[in-house]
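What follows is a single structure, and I will ask about it in a moment.
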Amino acid sequence: MANEEKDSKISRRKFVKNSGYVAGGVVGGGLLGSLLGVNFKGSEQTSTAPVKEAKFNQALMYFTRQADFKTLGAATERIFPEDDNGPGALALGVPYFIDHQLAGSYGRNDQEYMQGPFHDGTAFQGLQSPLKRHEIFMQGIRALEKESQSDFNDSFTSLEGEQQDKILQKFEDDKVKLKGVKASEFFDLLRSATLAGAYSDPLYGGNEDMAGWKMKEYPGSQMSYINEIEEEDFVEMKPSALHEHL
Amino acid sequence: MAKKLDKVDAVTVGVGWTGGIIAAELAKEGLNVVGLERGGDRSTEDFQMIHDEYRYAVRYGLMQDTSKETITFRNKPDERALPMRRLGSFLPGEGVGGAGDHWNGHTWRFLPYDLEIKSQTDKKYGKDKLGEDYTIQDWGITYDELEPYFYKFEQTAGISGEENPMGAPRKHDYPTGPMKSSPILYRFKKATKNMKLHPFQLPSANLSEQYENPDGETINACQYCGFCERFGCEYGAKSSPNITVIPTAKKTGNFELRADSNVVEVLHEGGRATGVRYVDVKTGEEFVQPADVVILTSYVLNNTRLLLQSKLGKPYDPKTKEGVIGKNYCYQITAGATGFFEDEKFNSFMGAGSLGATVDDYNGDNFDHKDLDFIHGGSLSITQTGQRPIENNPVPKDTPKWGKDFKEKSLHYFNRSLSVGAQGASMPHRNNYLSLDENYKDAYGNPLLKLTYDFTDQDRNLHKYLSEQAADILKEMGADKVEAKEISEHYDIVPYQSTHNTGGVIMGDDPETSAVNNYSQMWDVDNLFVIGASAFAHNGGYNPTGTVGALAYRAAEGIIKFMDEDKQLVKANKDRQLV
Amino acid sequence: MANELPKVPVVIVGMGWAGGIIASELTKAGIEVVGLERGKERKTSDYYMVHDELRYALRYEMMKDLSKETLTFRNTEKMRALPMRTYGTFLDGTGVGGAGSHWNGQNYRFLPYDFEIASKTVEKYGKNKIPDGMALQDWGITYDELEPYYDKYEKMAGISGEEVPIYGKRSAPYPTKPMLKTPVLEMFEKATKKLGYNPYMVPSANLSENYTNPDGIARGACQYCAFCERFGCEYGAKADPIVTVLPVAEKTGKLDLRTHANVIEILHDGNKASGVRYVNPVTREEFIQPADVVVLSSYVFNNVKLLLASNLGKAYDSKTGQGVIGKNYAYQITGESSLGFFKDKFNLYAGAGALGMEIPEYTGDNFDHTDLDFIHGAGIRMFQYGNRPISNNFVPDGTATWGKEFKQTSIKYANSWLKVAVQGASMPWRTNYLDLDPTYKDTYGVPLLRMTYDYTEQDHNLTKYMAKQTAPIMEEMGAEIIETTGSLEPLDVAPYINTHNTGGVIMGEDPATSAVNSYLQMWDAENVFVAGASAFPHNSSFNPTGTLGALSYRSAEGIEKYLKNGGSLV
Amino acid sequence: MVDSNKPQGPEDHSRRKFIRNSGIAVGGIVVGGALGSLIPTKQKDKDQSNAEKPINYNDALMFFTMEQFQTTEAATERIFPEDELGPGAKGLGVAYYIDHQLAGPWGMNAKDYMEGPAYNAEATQGTQTLMRRADVFAIGLKGLDDYSNKKYENKFTELTAEEQDDVLQVFDVAKEFKLSGATTKQFFELLRSMTIEGAYSDPLYGGNKNMAGWKMRDFPGSQMGYTEAIMNKEFVKIEPQSLREHMG
């Protein structure tokens, strides 16, 4: 009684290509175009290749716009780039880690004192922004884009690495004005979240395949080192994740 | 409308090390004790997923929830104090076991010099050594008097260690032998011996072997798994209240533990405490728990705040130097140096919170201060606590903070750097104190505690001195590049330094200058005991827990005595004696 | 310490359908407008991950954050009102586009009968037909007067539909053809026709075909992807202020749209408003925006709350029946539905928010009420929304609600149940009203709005009557098992019903009994316009958005007139 | 820079093997119940499934203790059991889903109005508890064990399926057992609704493993459109697609 529809996987890109939805030029207020994302370069292959292992966790819980997510990804990759040592932030899934964290209590500062009044503090009194982290990230990421548009007349994700660094540097040096938070405070959060995403347990969506740990020769969560602690030489171990404890 | 409960013999506010010790000792004596803990119930079972650096070390899984309660902070009395909105500089615990669950396990005895610092300094260096803004005082007790209590705590916790040639004299060996000496520790010991210093294995509450304590509780042997500080021990190998004194107390049948119970007020009438008022933090219900004796055994900050909030004792005033509650808040000086090694790789990821080696040659008055512009000193140690990857990215100073170069170097040096750290003593200053904040409130509507604190000249001079010694040791150890730490311009509430906050309800022999006597009994309220590092008149060059434990055992003895005699246990004057 | 900004001609509070329409009309006429929206910016590109039932439908991604603000509720004045702490019966929007971003798109006109309900009822059935306590009123405008505005709104949104002969006369056909008549809709059509009814395709704001509107906005056709209600449309196929009126307003360069601008007070000196005070909920900064005209176009609840909190207009008093702000709160009557379980399996995972059919025979006064103990009526309808798996686990009565039996039965019927539903009109009642809560406050320290609402005899009788009509249709459709709800329980804020709240700042022709005139201009403050379903003196059986849109177009015209000439427009 | 003399696979260091090999517990010296409870109870099927399935690192805990996780797994499996149609809650990873949700804003009631005062409500006024979901859940799980111990002298996970159903039934309907601060029904409803969510939400959230929940009921997940299928009189079976597919 049921028809099996074969090859029914329609990714967004394929859909648009096949449906003629856009071809007719009827794009509602120029809106659908933006759904395709700013950067589909090279992603064609990944979706047509047979799925090796479905990484369902690699989808978005917090971000709503592809463009924001791509900007975030590009910025984290500059902070922690791919090199001879191994993968950078993108390949480690750091942007997914940050997305999931911003959707959670980290993003909402659930365990932090967020009552007013808010005043600017001295350099020794800690962050005093009334903004929650997810608000800081959203504002900061949009500002990265705005800044690269104004400095280089192009979107952040399309810039050369060095140009991206220049933009990021402006944030780190507080040469950009944000609302309710300093650009350097956003940058610090971005940097620390990038490192956390590179090196936290893969449970949280980053440190993919424990590749961050492998690069650092860190064995993750081991039960014991009682037999190795007195070893004179460096001991290389295959890392182990929290998942192994269940 | 608070619900009034049946009266009990004793109620403790906070169930960490001090609350646990009191509960065990009192309950063993047949007294009925209620322990109120603001955080949740906790046991070793909760540590299944403990090897999670992000959850526990970065996101503070076991620590105080600052959305409910925090402190406000300023460097100087004339600045505006602002809330510490998230944890940073120090990490107060929360939950049954308190910070005793997530400590590293360094267990020291303060030096005999510490307890008589004022008289010894005056005698040796003259009255003007520090100047009168430094409010150093003797503690109202000597080392010899406190020695048995030190040992009692060490027995309960099963401390692993070896003789310290420069330390406080011991009457007994440590209950268990020292921890393994890893190659990193060995290298430190060798280098310091070459330098004519006196290294020894750091006394540890991560046990070197399995041990049964005098109460019949068993503590396991450490596995060197690298997750101690900020983590609970899944093996029950790190001594904590949860595997020692709390089960001991529970076994008597005389101890009732109530988690999620946040005390908001000490009730009192006519100079006598009548009980406490607390809120069930989950349901919001309010209760009054009457008791014959009220014992504050929460963290330094909360002990002080509860007294101020309940209008017990005279608040300290920095202008007049009068009053005692909030006085002599001290911290510690975290000096040291890092060495980078190009050709050698260490197993830095393994380790234990207290796996370390120390020299005490620059601690206390073990070296001559005549030509130095500070008093006291600090212990210098190398510890192999297990380097975890998110928070440990050691790079030489000129390295950028992010990008290709950062990545490269942080990966390279992750297993190729070692640090020698100092616990520098902290001397009280009239402008470093605790009081109540006028503007900010906690989730229960009570004022936050206000911390006014900055580093003093004494601190800066000491920091410099200790960091230089640490750098010398690393050079001797063969580091290719050594960087000594520098003290920040002002004390900064953001980067983690240590959770060795002390003072605020200090002990002494004179009610004019101290809040409690040497049994931690309040001078102003006979049936109120305030126990913890809040009683330290200054902070020494060691981690505080060993001394906290000793004072708690002495306080327990005092409370039991008080139950019979119902009076002030110590006569208040310079020629102190038991009443 | 509010920061006072330069004065503007018009400030609009809330950037959903009503605010968007007014902003677009005024800016097209060259008038400078500041639009204040408490929520965040929103574009179609935000709907990238929108096919997420958990995030959007169950965790209310697009809705108001109740931790900041909610309302308190009681059924009767004898009860203590308590906060609606978690989402339930209705879902307030927030963010640019408002609830207009996550509506289903069912887009009707009210009946000519609705606008003159009081006089027509008396005329036909006599004075006694209106029971004591029912605060029935005419709207101060007729259908014919409002028709051009309906037309304008429908052309802007591109509504897809087909003419219904017994409804109000249309000056033009629907801009686009009806939606696809799917196999299950055909079943409904066949069954109802057999029973003598004249079913029609529900007018839909999910476009049946590509469409370019008079403002030059081009939008694509609905893809039947099944994520409409509680979701934004990634295709821009569902009419949404962010793909229709707002881009038009923005293009003029005259609209200054400020997000994260939560208005907490209308500033006024006696009966003249001078502007509004608002807070940025993110940075917590406070601003004063002075303006010549203040337009309230936020949700029903917030329009009422702002007026009461600002002490503007006379608050309604249920004891005396005097006062107007908060008066005639009405809702809708649902629950007389028939649920049918079938042997066959349908493609129910597919659908659209406004993909449905309805019979017109039991609406308004299209059937004789002489021997009935209620007035007005209901739409009997069936929709194919697209069943999403978490929320759709219908099992026949008597089935366990968990365990093996539940699992097997819920899976068995996952694609095999249909519902003939009823949406009934709601008549105002003296004891159903809105005022300020004496105890609870929002995050800005303003009292929460308090709702006092219970179903009346009229509602119960209407329910009983409609229940008798739905079951035969389901029988005719061939369901194996049929379950019909025949009675109304007291309104419960926990389960979702619908977000068709109306009244509180009602229109009319008499300042003694209404708050605004037919241009939605306040009687008591001529430079304040209050747009939205808050103006409905009662609620009809139809979804309110079409009528809200028409009134907004009329109101925009009124504001333009007022800016030129001043004074009361009626 | 020397190779380890014995490179060790992850299994070598799993908690179970560790306990088995290290002798730390074998001697019967299990401290204060410290280690015993850390070992998963059902080891057999665990070993088998590990060998076949690809590793999903997201399957670890952010909120529950091991015991809470096991109780949740057992209880949700009774609510949504494995049968001939396909996997139950356990196979779908529902307990992981619940764990991750309770660790986040849902567990913290971040978007609910949580200001006091709290009064007892009429039935129509919705929930009025100021307890957060995470707390209700923890108390409820403990309650399941307490009641199981009381009635069957064993903890919930050790009961037979029928006994577990009986306990859940009591929690669902009866008033005979009280939790502190919440009703058993409140907890049960949370447990039940989160079970359904975990079975059917996008696998992004850790449940609905491999979209098996969707497959069982022929739900195609997140498709781009149904313009063709919707007019088909026959039922059209479509291979489901998750949000992940949209990431390009």
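So that the names make sense, note that chain A is the first sequence line, chain B the second, and so on, each numbered from 1.
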Rounded to the nearest 0.5 Å, what separates atom CE in A/M61 from atom CG in D/L204?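 Separation between the atoms: 4.0 Å.
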Determine whether a donor-acceptor pair (N or O, by modelled atom type, separation under 3.5 Å) exists between the side chain of A/H243 and the backbone of D/N56. yes
Can you confirm whether more than 12 heavy atoms, excluding those of D/K215, are under 6.0 Å from its NZ atom?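 Atom NZ in D/K215 is packed in, count exceeds 12.
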Quick one: CD on A/Q58 to CD on D/E245, what's the gap to the nearest 0.5 Å? 12.0 Å
So, taking the atom named CG in A/D110 and the one named CZ in D/R132, what distance separates them when rounded to the nearest 0.5 Å?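 Output value for this atom pair is 7.5 Å.
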How long is the span from the CD1 atom in D/I55 to the CG atom in A/D209, to the nearest 0.5 Å? 9.0 Å
For A/G104 and D/P105, work out which heavy atoms get closest and say how close.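 Closest heavy-atom pair between A/G104 and D/P105: CA-CD, 3.5 Å.
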Rounded to the nearest 0.5 Å, what separation is found between the OH atom of A/Y96 and the CZ atom of D/R244? 5.0 Å
Structural part of A/L60 lying under 4.5 Å from a heavy atom of chain D: both
Begin from the C-alpha positions of A/M210 and D/Y57 and carry the test side chain to side chain contact (heavy atoms under 4.5 Å, CB included) through to its verdict. CA-CA 9 Å; A/M210 303 188 282; D/Y57 293 110; 3.4 Å; yes
For the NE2 atom of A/H100 and the CG atom of D/N58, what is their distance to the nearest 0.5 Å?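 A/H100 NE2 to D/N58 CG: 7.0 Å, rounded to 0.5 Å.
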Working note: D/M247 + A/K55, criterion side chain to side chain contact (heavy atoms under 4.5 Å, CB included); need CA distance, chi angles, decisive distance, verdict. CA-CA 11 Å; D/M247 294 311 297; A/K55 288 181 172 140; over 6 Å; no
Write down the atom of A/S105, the atom of D/A103, and the distance for their closest heavy-atom approach. OG-O, 3.6 Å
So do the side chains of D/N210 and A/F56 get within less than 4.5 Å of each other, counting heavy atoms only?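 Yes, side chains in contact.
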